[in-house]
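Residue numbers start at 1 and run along the sequence shown. Just follow the structure's listing: the first ligand is 1, and inside any ligand the first atom is 1.
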Amino acid sequence: MNSSEIEAYLEAHAPGETEFHQAVLEAAPDIERVIKDLDPDGEHGLGARLLVPERLITFRVAWRNDDGEVEVNRGYRVQFNGAVGPYKGGLRFAPSVNVSVLKFLAFEQAMKNALTGLPLGAAKGGADFDPKGRSEREIERFCIAFMTELHRHIGPDLDVPAGDQGVGAQEIGWLFGAYRRITGQHVGVLTGKGTDFGGSPLRPEATGYGLVYFVEEFLKHRDDALDGKSVLISGAGNVATFAAHKAIEKGAKVLTLSNSTGCLVCMNGLTANALDALTVDHGDADNPLKALADNIGAEFQDDATPWDVKADIALPCATQNELDEDDAKTLIKNGICLVAEGANMPCTAKAQATLIDAGIPLAPGKAANAGGVAVSGLEMIQNASREPRTAEDIDTKLKAIMGRIHQTCVDQGGDGADQYIRGANTAGLRKVLSAMKAQGV
Ligand code: NDP
Ligand code: 2IT
């Protein structure tokens, strides 16, 4: 399948799924190349098999709000590719959740999970439920209602969900409790659990820490280091805050955080103490980031993003398509040296092309944010062996995995600014497609 055949296939069989198209088209040259290598005569039908999820489950989530009224949301699990291992990937609770968004996330997850070197297939799921402004009890009831259906589709050797936007440690606790009460099984069916009931140390920190370890590898490769570098971070959730913590620990100056209402700018650099004061619950209706800015005397710019602040490194850690072509031009004008994606697909296709054309290296989420799912994979090993691990052990393994992913991109990605995109896609696809080919149709 060549790039134009891939595009035609998407138009015919996944019409209107814009985010899914964007993610696949970014990888199209690599899909074409790897398939040509593994299946030169098209005998194995790898292209079409790659682009159609193995299973797309949609379900009704009915629950009662605090006023006793019934609310109904749409729940999903996209089991995209199980060739490499049990389906694995996060659950997202956000009003923007739909089939296109989940298919793009699950497609990227397939390559990301393959890159970790662990036996993980790919899935993604969630619901179009907005936790914002909901009470804790409402979110808990929603989690129970969601698991009442999801439980029949998952299992420790079948499909192991985790968190994503709107789903953190507290939601995983409620989801796990519901699963255990429904099935009577205390098994590793979710990752990101509390450490008191089978969770891995450092899973909450893993995506943000792993992102910074990846950036360190990038800099080391150029005889450079994070100490003294200025960093822009978007988002103020799980990935953003732990990336900020680790970057500060490594001597970088973190100038920004952001959320869907605006941007905190702190030109002196945020401190670890200031970050500790930021506690974000998914139900928060107020604005914890603005409150932090007021507390530490930093500026909060309404409706702004970090991308017009001058810095060395940009780490978009909020959501898809949050950094557009104009933002990319501004970053380039301000002398940015690296964009590394903590979020999944935060750069639009045009932003990506603009950065690459200007020679700015771009580390895609499927490589740079793989630390989260990697530690999820370690949590699965811990649960299967029933042997607890220490934070030190997990941190050492996380660093090693991020180092290997960086090296894989360098080895397989060519010499251009798109080295990390090409390398991550090529290595990830090669593993997934080889596993599919070996297992037959
Ligand atoms: P959280 O829900 O913890 O935080 C999300 C943050 O992004 C919040 O600060 C939110 O602000 C902000 N945000 C959401 N939408 C927008 C928007 N349209 N514009 C600006 N800011 C926005 O999610 P995570 O930190 O877990 O996830 C962030 C990204 O990282 C996602 O792309 C996710 O897929 C990816 N990721 C997450 C992993 C994990 O382990 N959690 C692993 C790998 C990738 P507000 O509160 O105002 O909505
Ligand atoms: O996008 C991602 O890699 C995640 N949300 C984490 C998935 C996981 O299973 O830990």
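- Ring planes of Tyr420 and His406: tilted class, angle from 30 to 60°.
- A salt bridge does not link Arg137 with Asp66: every distance from a Lys NZ or Arg NE/NH1/NH2 to an Asp or Glu carboxylate oxygen is 4.0 Å or more.
- For the pair Gly235 and ligand 1, the shortest N or O to N or O distance does not fall below 3.5 Å.
- What sits closest to atom 20 (C) of ligand 1 on the protein, heavy atoms only, is Asn259 O, 3.5 Å.
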Full working for salt bridge (charged side-chain N to carboxylate O under 4.0 Å, His left out) between Arg422 and Asp30 = CA-CA 7 Å; Arg422 299 280 80 86; Asp30 308 303; 2.9 Å; yes

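- Scanning all protein heavy atoms for the shortest distance to atom 4 (O) of ligand 1 gives Gly237 CA, 3.3 Å.
- Taking all heavy atoms of Asp281, Leu289, Thr207 into account, the minimum distance to atom 43 (C) of ligand 1 is reached by Thr207.
- Under 4.0 angstrom from ligand 1, the non-hydrogen atoms of Arg92 all belong to its side chain.
- For ligand 1, the polar-atom distance check against Lys112 finds no nitrogen or oxygen pair separated by under 3.5 Å.
- Considering backbone and side-chain atoms alike, Asn344 places an N or O below 3.5 Å from some N or O of ligand 1.
- Under a 4.0 Å heavy-atom criterion, Gly166 is in contact with ligand 1.
- Annotation for ligand 1: atoms under 4.0 Å from non-hydrogen atoms of Arg203 are 40 (O).
- Protein heavy atom in closest approach to atom 19 (N) of ligand 1: Ser260 CA, 4.0 Å.
- For the side-chain hydrogen bond (donor to acceptor under 3.5 Å, both in side chains) criterion with Asp159, the lone passing option out of Lys88, Arg77, His153 is Arg77.
- For Asn238, a nitrogen or oxygen atom sits less than 3.5 Å from a nitrogen or oxygen atom of ligand 1, counting backbone and side chain alike.
- Taking any N or O of Lys132, backbone or side chain, at least one lies under 3.5 Å from an N or O belonging to ligand 1.
- The proximity of Cys317 to ligand 1, defined as any non-hydrogen pair under 4.0 Å, is limited to the backbone.
- For atom 9 (O) of ligand 1, the nearest protein heavy atom (residue, atom name, distance) is Ala236 N, 2.9 Å.
- Residues satisfying the side chain to side chain donor-acceptor pair (under 3.5 Å) test with Ser230, not counting sequence neighbours, are Asp312.
- Here is the list of ligand 1 atoms found below 4.0 Å of a heavy atom in His282: 2 (O), 3 (O).
- Inclusion of Lys124 in the set of residues having an N or O under 3.5 Å from an N or O of ligand 1 is not warranted.
- Residues forming a side chain to side chain donor-acceptor pair (under 3.5 Å) with Glu322 (at least two apart in sequence, or on another chain): Ser234.
- Between atom 33 (C) of ligand 1 and the options Val101, Asp164, Thr191, the minimum heavy-atom separation is to Asp164.
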Full working for side chain to side chain donor-acceptor pair (under 3.5 Å) between Thr426 and Gln412 | CA-CA 7 Å; Thr426 304; Gln412 300 197 31; 5.6 Å; no

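- Checked for salt-bridge contact, Arg203 and Glu379 miss the test: no charged N lies under 4.0 Å from a carboxylate O.
- Under a 4.0 Å N-O distance rule, the pair Glu71/Arg134 qualifies as a salt bridge.
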Below 3.5 Å, can you tabulate the donor-acceptor pairs from side chains in residues 164-176 to any protein atom, sequence neighbours excluded?
| unit_1 | atom_1 | unit_2 | atom_2 | d |
| --- | --- | --- | --- | --- |
| Asp164 | OD1 | Lys124 | NZ | 3.1 |
| Asp164 | OD2 | Arg92 | NE | 2.7 |
| Asp164 | OD2 | Arg92 | NH2 | 3.1 |
| Gln165 | OE1 | Arg92 | NE | 3.4 |
| Gln165 | OE1 | Arg92 | NH1 | 3.4 |
| Gln165 | NE2 | Ala318 | O | 2.8 |
| Gln165 | NE2 | Thr319 | OG1 | 3.0 |
| Glu171 | OE1 | Gly168 | N | 2.8 |
| Glu171 | OE1 | His282 | ND1 | 3.4 |
| Glu171 | OE2 | His282 | ND1 | 3.3 |

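- Salt bridge Lys220/Glu216: absent, no basic N to carboxylate O contact under 4.0 Å.
- For atom 12 (C) of ligand 1, the closest non-hydrogen atom of the protein is Ala318 CB, 3.9 Å.
- For atom 14 (C) of ligand 1, the closest heavy atom belonging to the protein is Thr319 CB, 4.2 Å.
- Residue Gln320 places no heavy atom under 4.0 Å from ligand 1.
- Ionic pairing of Glu69 and Arg64 is not present here: no N-O contact between side-chain nitrogen and carboxylate oxygen is shorter than 4.0 angstrom.
- Remark: aromatic rings of Phe93 and Phe146 are close, center separation under 6.0 Å.
- Contact check for Val97 versus Tyr76: side-chain heavy atoms found under the 4.5 Å cut-off.
- If you check each of Val375, Asp130, Leu257, Val239 against atom 37 (C) of ligand 1, the one with the closest non-hydrogen atom is Val239.
- Near Ala343, with a cut-off below 4.0 Å to any heavy atom, the atoms of ligand 1 are 29 (C), 30 (O), 32 (O), 35 (C).
- Leu278 places a side-chain heavy atom less than 4.5 Å from the side chain of Leu289.
- A donor and an acceptor atom, one from each side chain of Arg74 and Thr58, are nowhere located under 3.5 Å apart.
- In terms of protein heavy-atom proximity, atom 27 (O) of ligand 1 is closest to Gln165 CG, 3.8 Å.
- You'll find the ring centres of Phe20 and Phe104 outside the 6.0 Å limit.
- Under 4.0 Å from any atom of ligand 2, one finds heavy atoms of residues Lys88, Gly89, Gly90, Gln109, Lys112, Lys124, Ala162, Gly163, Asp164, Arg203, Asn344, Gly372, Val373, Ser376.
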